[in-house]
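Following: one structure in structure tokens, then a few remarks.
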Amino acid sequence: MQQNKIEQSSVVGAAELVPIVKGSHVYLVDGSGYIFRAFHALPPLTRPSDGLPVGAVHGFCAMLWKLLRESKASEAPTHIAVIFDAGRETFRNDIYPKYKAHRPPPPEELLPQFPLIRDAVKAFNVACIELDRYEADDLIATYAREAVNAGGDVTIVSSDKDLMQLVRPGVTMFDGMKAKRIGRDEVIEKFGVPPEKVIDVQALSGDSVDNVPGVPGIGIKTAAELISTYGDLDTLLARAGEIKQPKRREKLIEFAEQARISRQLVLLKEDVPLEIAIDALGVRDPEVDALLGFLRAMEFSTLTKRIAEGLGAEAPPPLAISVGASLKSKAQSTSDKIEALAEEEAFEGATPAAAVAAGTAIARAKAIDRSKYETITTRTRLEEWVRKAGQTGYVAFDTETTDLDATRADLVGISLAVAPGEACYVPLGHTGPSNDLFGGADNRPPQLPITEALDVLRPLLEDPSVLKIGQNIKYDALVMKRYGIDVTPFDDTMLISYALDGGRNAHGMDVLAERHLGHACMTFAQAMGQAPGAKKSEKTFAAMPLDKATEYAAEDADVTLRLWKVLKPRLAAEHVTTVYEMLERPLVPVIVAMEHAGIKVDRDILARLSSAFAQRAVRLEEEINGLVGHKFNLGSPKQLGELLFDRLKLPGGKKTKSGQWETRANLLDELAANEELDGDARRLINTMLEWRQISKLRSTYTDALPEFIDPSTGRIHTSYALASTTTGRLASSDPNLQNIPIRTKEGREIRTAFIADKGMKLVSADYSQIELRVLAHVADIPQLKKAFADGLDIHAMTASEMFGVPVKDMPGEVRRRAKAINFGIIYGISPFGLANQLSISREEASDYIKTYFQRFPGIRDYMEATKKHAHAHGHVETIFGRKIHYPEINTKNPSMRGFLERAAINAPIQGSAADIIRRAMIRMPGAIEKAKLDSARMLLQVHDELVFEVAEADAQKLIDVARRVMETAGEPAVKLSVPIHVDAKAAYNWDEAH
DNA sequence: CTACGTACGTA
DNA sequence: GTACGTACGTAGG
């Protein structure tokens, strides 16, 4: 959300084109190179309030500012761009697949800084450029060539030796960190040859970091000597036989081709198809508010001040309380405090543990007192609160509405909190108690008109320099979006808690308040009171009197702020900042957009199905009644169980733990397959199963879904819970669109009711076998990895390994069993469960498992290691570092322990897959925008599937984009050692698209 | 009206 | 054997 704002401003400035002429000076900054160098060369720096690593961001901002403002007039840039590497795969991998293959992933502290630096570039109103399949170096080479051709000068801001080949008349390099120019002489000093021969030297010497092979045994020194003697690489290779040293001669002859490939790898491409013309890179003034807002949000106070002065603007007040700083300056005066804050860049910060302690102390210092909250009904008081929040730099924020469903909720009020105990409530849509049929319009309490209040609040809620803190802020953001307000930037205490304590506790506000503040929140029911007569469903917040509403609403904001104080510092202390910043927080605006978009549903199709199902159910019911001889409630498992096992005395009955007969579908299936049963009994059971299926489809889907269609748009807006599962998966509700039927013919018909809008298509893209691929990767199983690399049928391969059956002409039953075992492994297999699934004996299942582990000992080792880790640490982790806690895993209760162990085995696999698709979703809007697919929107997520809507003509293009984003979603943090495959299809309804 | 168990839809 | 949400019947307030 913050990015959007900054992007807009840079787009505005991009309108004017400045052609390159003689005297133009183009600065091309190697962004990726700078990030790595700054990260390793500069001392680590963390944001005081939350410990987010920002050292590279700081170094980058300081360097960029210096370039823009402090270079000598003769060297001042007329054009400037910062250029980044787009992704891991480039055209060089087509030439040489192993190029840069051994690069380890960037360190954890660096990951959150990549997007921040892109934001920084935009905040400076400087063009931020990257292009898929090309490295930053190629873009730099291309821009440099264009600039020189047009008569301009070029400064490449980088110290990367790979760029030295570009130095020539008109092109120099500048080391942004050492503030040192690199010209022809410096290149000769480094390589022993002039710039135009650098690639020949590199082709010989290779580069172990980039995995450029070169010629073994030849380093830069020897290479330079050889090239100087023979003139260039081709001549050298042609005349290699003349070389005196025998070793060197042999190597050069043997590896001649490898040297030529190496030259191709190091040679920069000077004719990249540019998306942004060089004329569009003209230097623009920064947009003051956006830039200072960004710097302040990073909490660089000295730099903010310096840049503010340079821009002739007032420095914004620093964020009031960095936890560590406030600790340090406890007994100081306000002015001392501000002075202390001004030095916070030098301030190393309290230890993370001390920051946590301080935050907790602040949050708990003042008791929660509902009588102290202010009700705001005048513009002046509201403006005063907005000013206070602006000065503080953060504000807890909560909305009260008429409905729990944000896509249909109307705003009733907004509460704010700026410090523990300092909270207010702004009523906006209270109707007063409704004692009559007219909604009590006459009793409407005095309130600020909603449009006026929102006009005052909007600048605060959209202020890039003020952090808005919410508890499940997705809800509030969605409500505010419908009132035209973008809440940005934000933190979410629910998501912070989820990153910290997933598996330890739930993350609703009442649970968190109880756990972290020892406070029992006022419940909604308490606030509403037990007004007699009124039905609960008709009680909305709008009817609540203002005094009660203020106590309830302002308490929520107060509690949210206190929770933030307690929880935020823990992110850094417990090493999950990256999880929060990379997997949780950026997902919020994406989900808001998806929920807001909704999916079109054809009411008529559902209605038709519903009545067809109803007729069929009646027929089946009559048939059953005929067979049984009397009526009974088919929907009652209790009555059915008694009928089948007590009255008809059918064999094979099992009881549930509450002593009831079990009547689950797969049990009835087996019963019906029993040859000894008489025909009527089997007919009864089969009819019963059919009735259940049809009734389920009708009640859960065809009858229920139309109720969720928004009458004005014809679309269904589900709600995604971001913090309700233990593993990191999302959950969908109201309605749940993650369990729309697909397995049976009747069920699939329901999917045909999910349709694309006029002129549009639905695109469904789903990961193939993502969890098994994750398993192959994390457990490092050679056969599985090979099978995926070769694109084999993984279940057939498993069967073949286990039973020695060739894959060709394998009986379906054999493959089915192997498939069940593969799933069983993911679920933390047990003989009991496998036996149940396959309807075989426990002994047989036990044998299967034994055979499996003999064939894949690595899987057993992985499972044992996971269990051990869980017992030792109380948690397991996904490949992205998400922690899933199992505090009870050492319980003495064997069946419970077994359950938790299986869950702990499953969690890293399911959770890693969930993290991968989260990353894909986070990147998707940007990728769609970059591909100029304006018509495309992401609508749904079903664990391993994403559903989009797109103009018919763009469907194929979207498929390409979605597939690329999904298949590379783990990178660069994690590159799986198996390929990831995504299937995608477009059609006019969900059934055909899947 | 709520809480729980059972059944069943999805990945 | 993992992870969910919803509908329904039933027991108890």
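Chain naming here is simple, since letters A, B, ... match the order of the sequence lines and numbering starts at 1 in each. This structure is a prediction, so every number in the text was calculated from the model and none was measured.
A sub-4.0 Å separation between OP1 or OP2 of B:dA7 and a side-chain N or O of A:Thr663 is present. Contact check, A:Arg729 against C:dA3: no side-chain N or O comes under 4.0 Å of OP1 or OP2.
When base pairs are accepted only as Watson-Crick or G-U wobble with both N-N or N-O distances under 3.5 Å, DNA chain C takes part in stems of 3 or more pairs at B:1-11 with C:2-12.
In this structure, NZ in A:Lys474 is found 10.0 Å from CG in A:Leu587, a value given to the nearest 0.5 Å.
In terms of heavy-atom proximity, A:Tyr720 sits nearest to A:Leu940 at OH-CA, 3.3 Å. In this structure, A:Ala920 and A:Tyr767 approach most closely via the heavy-atom pair CB-OH, 3.7 Å. Here the shortest heavy-atom pairing between A:Gln738 and A:Leu730 reads OE1-O, 3.6 Å.
Among the protein residues, A:Ala845 comes within range of no part of the nucleic acid, since none of its heavy atoms lies under 4.0 Å from any strand. Counting any heavy atom pair closer than 4.0 Å across all strands shown, A:Phe823 reaches no nucleic acid atom. A:Thr725 comes within 4.0 angstrom of sugar-phosphate atoms only, judged by non-hydrogen atoms across all strands, and of no base. Among the heavy atoms of the strands lying under 4.0 Å from A:Ile829 is at least one base atom, whether or not backbone atoms are also near. Counting any heavy atom pair closer than 4.0 Å across all strands shown, A:Ala704 reaches sugar-phosphate atoms only and no base atom.
Here the side chains of A:Glu584 and A:Val579 are in contact, with some heavy-atom distance below 4.5 Å.
In this structure, the side chain of A:Lys985 engages the main chain of A:Glu992 through a donor-acceptor pair within 3.5 Å. Not one N or O on the side chain of A:Tyr848 forms a donor-acceptor pair closer than 3.5 Å with the backbone of A:Ala818. Counting only distance, with no hydrogens or angles, the side chain of A:Arg715 and the backbone of A:Asp710 share no donor-acceptor pair below 3.5 Å. Formation of a donor-acceptor pair under 3.5 Å by the A:Ser719 side chain with backbone atoms of A:Asp734 is not found in this model.
The distance from atom CG of A:Asp766 to atom P of B:dA11 is 9 Å, rounded to the nearest whole Å. In this structure, OH of A:Tyr720 is placed 16 Å from C1' of C:dA3, rounded to the nearest angstrom. Note: CD (A:Gln660) to P (B:dC4) measures 17 Å, nearest angstrom.
No side-chain donor from either of A:Thr798 and A:Arg855 sits under 3.5 Å from a side-chain acceptor of the other. Looking only at atom types and distance, the side chain of A:Asp983 has a donor-acceptor partner in the side chain of A:His981 under 3.5 Å away.
Within 3.5 Å, no donor on the side chain of A:Arg692 pairs with an acceptor on the base of B:dA7, nor the reverse.
Within residues 735-744 of chain A, the residues that place at least one heavy atom under 4.0 Å from DNA chain B are, in residue-number order, A:Gln738, A:Asn739, A:Ile740, A:Pro741, A:Ile742, A:Arg743.
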Return the polar atom pairs (N/O with N/O) between nucleotides 8-10 of chain C and the protein under 3.5 Å, or none.
unit_1: C:dG9; atom_1: O3'; unit_2: A:Ser636; atom_2: OG; d: 3.4
unit_1: C:dT10; atom_1: OP1; unit_2: A:Ser636; atom_2: OG; d: 2.7
unit_1: C:dT10; atom_1: OP1; unit_2: A:Gln639; atom_2: NE2; d: 3.3

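Considering only side-chain atoms of A:Thr656, the nucleotide from B:dA11, C:dT2, B:dT6 that sits closest is B:dT6.
Remark: A:Lys655 qualifies as a cation-pi partner of A:Trp661 under the 6.0 Å distance and 45° angle criteria applied to the six-membered ring.
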